[in-house]
Amino acid sequence: MSGPKTSRYTLTPEQRRILAEQRKIERRKAVATANIKWNNKRLLHFGSLFSEERTIAQELNERTGSDGGFTERMEELEAVIAPIGSLIARTNNEDVMSLENTAKSLNDTLSKAERIASELKQISAENNLSLQNILQADIDKGFETSFSDVRPSSSGLNTIDKETLRTKLSTLKTLEHLPAEIIIKIDAALSKLQNIENDMFLSNFTAVTVTPLIKQCEQFLAEYEICHDEFERLYTEYNALCNLYYYVAQDYSCCADSIEKLKAEIKRITEETAEDDEQAYISECLDEVMEEMGYIVIGSREVTKKSGKHFRNELYQYSEGTAVNVTYSSDGRIAMELGGTDTTDRIPDAHETDTLCSSMERFCEDFKEIEKRLLARGVILADRISLLPPSAEYAQIINTSDYQMKEKTESVTEKKKRRNIKKNKTMRME
């Protein structure tokens, strides 16, 4: 080469737009796929619920002739869930519109299923209380028959109010999304309610425990409703991007603070991957141009300096006994140097120096052609860091022992596959 050259390349606005559009479609497909998997999992989960509730509904129906509408609602839920398998099977996983249409259909289906499931939970809570009351009445009747001459004193407890509170608390417990600490409080309240024996204590218990607990549930669910949709959308997008670009996803809870953090993380990942994508495209274009011009990759290596800077080298055979070393640095620089090849570190002799200088001069025209072909692919010069003339002082011998040499030539497509495999194994840490 006409002396070592170091340059930084960038993309034309049009090529950058093309890559941005490709990334956008890639991300849309990843988000839609993630939505399909999540919604399908949720819908299948609904289909496996309510086995115990079915049994209670059947027994209540046998005793009273009614199950509170449980069977009707259950059949409605099953009818909503049934088509999802065939819908997913018809989806074209390579077409972004097909994926997004399926994701939207599943999301709509999930909304219907959640509404029906909520109704089923409320019906189930009422059925359970009704059946308990019937069973308790049968037990009480048995005691009255056995001890008809015994008359217990009245406690004055308003049993209707007690049952109303029990129904309210049981219904609260069935609501989705309540955190574990609130569920624990509801269970404790139900347990304590069971042992209350007079109206005054019941009134105090309602004021001190039940009413604040109901208010706490309502406040939590109101806040959850406000941020739930946006949080789910952002969290799904965040996880899809992490999966697509090999980041390690972190857990977030549904709250306003998490929404702001997710927005920042999505922005960070998007910007980082845009820069990485541009550098990868430039590297691939240079690979393609070198291959088109007859250069053969004979070796490569990865180097990380103590400073943390990372370099990747590709060694291309130029002529018998010479090679072009292309260095890609982590800051986007690309350097090209021509040298002789040997399996040891040494300096070239006088004859080799003359030969290398002649090769440098011939490579001048090749270098011009390389940049011309890069331009045709939308890759342009951003910064010429060094452009040195042919000179004996730049004659060097490249020690091929420092490289992983190839037993056979490798095509650009094979190199892309190798790099992707390596990328898949290297997880980016947050």
Side-chain angles (χ1 to χ4, degrees), residues 1-12 15-16 19 272 274-319 322-342 345 347-348 352-353 355-400 402-404 412 415 419:
M1 186 173 68
S2 54
K5 283 189 177 69
T6 303
S7 311
R8 186 179 283 110
Y9 295 95
T10 188
L11 303 182
T12 61
Q15 186 58 50
R16 186 173 286 111
L19 286 185
E272 284 184 2
E275 185 178 342
D276 290 348
D277 190 37
E278 181 171 323
Q279 292 303 315
Y281 177 78
I282 292 170
S283 175
E284 288 169 7
C285 286
L286 184 54
D287 281 344
E288 290 172 358
V289 167
M290 296 292 278
E291 187 174 279
E292 284 177 2
M293 294 177 65
Y295 291 89
I296 300 171
V297 177
I298 57 175
S300 62
R301 67 176 179 175
E302 303 275 346
V303 178
T304 301
K305 300 288 187 180
K306 289 183 179 180
S307 62
K309 288 187 177 181
H310 182 75
F311 300 90
R312 176 172 61 85
N313 294 102
E314 297 280 0
L315 200 61
Y316 293 87
Q317 185 174 3
Y318 178 63
S319 61
T322 61
V324 176
N325 181 31
V326 179
T327 303
Y328 300 89
S329 64
S330 53
D331 63 1
R333 298 184 184 193
I334 299 177
M336 291 187 178
E337 296 178 277
L338 185 142
T341 56
D342 202 345
D345 289 319
I347 59 173
E352 288 173 323
T353 298
T355 302
L356 288 170
C357 285
S358 298
S359 296
M360 289 180 195
E361 290 177 356
R362 289 196 304 274
F363 189 70
C364 280
E365 295 305 314
D366 278 7
F367 182 74
K368 293 177 184 178
E369 180 64 20
I370 287 170
E371 292 201 325
K372 180 180 175 181
R373 295 192 186 195
L374 286 175
L375 177 60
R377 289 167 165 80
V379 178
I380 57 176
L381 180 69
D383 184 19
R384 184 78 79 198
I385 298 165
S386 66
L387 182 59
L388 302 174
S391 173
E393 64 181 297
Y394 302 127
Q396 63 172 319
I397 298 296
I398 299 171
N399 185 358
T400 58
D402 295 333
Y403 293 76
Q404 184 178 350
V412 171
K415 280 198 287 186
R419 287 175 186 165

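Just so it is clear, the structure is predicted and the values come from calculations on it, not from any experiment. Counting begins at 1 with the first residue of the sequence.
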Counting C-beta onward and ignoring hydrogens, is there a side-chain heavy-atom pair between [X] and [Y] closer than 4.5 Å?
{"X": "Tyr328", "Y": "Ile282", "result": "no"}
{"X": "Thr10", "Y": "Arg16", "result": "yes"}
{"X": "Leu286", "Y": "Met336", "result": "yes"}
{"X": "Tyr9", "Y": "Leu381", "result": "yes"}
{"X": "Pro390", "Y": "Tyr394", "result": "no"}

Looking at [atom1] of [X] and [atom2] of [Y], how far apart are the two atoms once the value is rounded to the nearest 0.5 Å?
{"X": "Ile380", "Y": "Leu11", "atom1": "CD1", "atom2": "CG", "result": "7.5 Å"}
{"X": "Met360", "Y": "Glu337", "atom1": "CE", "atom2": "CD", "result": "9.0 Å"}
{"X": "Leu315", "Y": "Thr327", "atom1": "CG", "atom2": "OG1", "result": "9.5 Å"}
{"X": "Gln404", "Y": "Asn313", "atom1": "CD", "atom2": "CG", "result": "12.5 Å"}
{"X": "Arg373", "Y": "Asp366", "atom1": "CZ", "atom2": "CG", "result": "9.0 Å"}
{"X": "Ile385", "Y": "Ile334", "atom1": "CD1", "atom2": "CD1", "result": "10.0 Å"}

Can you name the side chain to side chain contact (heavy atoms under 4.5 Å, CB included) partners of Thr341, sequence neighbours left out?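 Once residues adjacent in sequence are excluded, the partners of Thr341 under the side chain to side chain contact (heavy atoms under 4.5 Å, CB included) criterion are Ala323, Thr400.
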In terms of side-chain heavy atoms, does Arg362 have a donor or acceptor partner in Ser319 at a distance below 3.5 Å?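 The criterion, which ignores hydrogens and geometry beyond distance, is not satisfied for Ser319 and Arg362.
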Any sub-3.5 Å donor-acceptor pair from Ser359's side-chain atoms to Thr355's backbone N or O? yes
Please confirm whether the backbone N or O of Ser386 pairs with a side-chain atom of Thr6, one donor and one acceptor, at under 3.5 Å? no
Could you walk me through whether Arg377 and Gln15 pass the side-chain contact (heavy atoms from CB on, under 4.5 Å) check? CA-CA 8 Å; Arg377 289 167 165 80; Gln15 186 58 50; 5.8 Å; no
If you compare all heavy atoms of Gly339 against all heavy atoms of Leu356, which two are closest, and at what distance to 0.1 Å? C-CD2, 3.7 Å
Of all heavy-atom pairs linking Thr353 and Ala392, the shortest is CG2-CB, 3.6 Å
Sort and list the pairs that fulfil salt bridge (Lys or Arg N to Asp or Glu O under 4.0 Å) and have at least one residue in residues 380-391, not counting sequence neighbours. Arg8-Asp383, Glu371-Arg384
Determine, step by step, whether Glu278 and Glu275 satisfy the side-chain contact (heavy atoms from CB on, under 4.5 Å) criterion, reporting the C-alpha distance in whole Å, the side-chain angles of both residues, the deciding distance to 0.1 Å, and the verdict. CA-CA 5 Å; Glu278 181 171 323; Glu275 185 178 342; 5.8 Å; no
Evaluate the ring planes of Phe363 and Tyr318, with Trp represented by its six-membered ring, and classify them as parallel (under 30°), tilted (30 to 60°) or perpendicular (over 60°). perpendicular
Take atom CD in Glu369; do more than 12 heavy atoms of anything else shown fall under 6.0 Å from it? yes
The side chain to side chain contact (heavy atoms under 4.5 Å, CB included) partner of Tyr316 among Asn325, Ile296, Ile298, Asp287 is Asp287
Worked verdict on Glu314 versus Ser283 for side-chain contact (heavy atoms from CB on, under 4.5 Å): CA-CA 10 Å; Glu314 297 280 0; Ser283 175; over 6 Å; no
With sequence neighbours left out, what residues match Glu365 under salt bridge (Lys or Arg N to Asp or Glu O under 4.0 Å)?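 Once residues adjacent in sequence are excluded, the partners of Glu365 under the salt bridge (Lys or Arg N to Asp or Glu O under 4.0 Å) criterion are Lys368.
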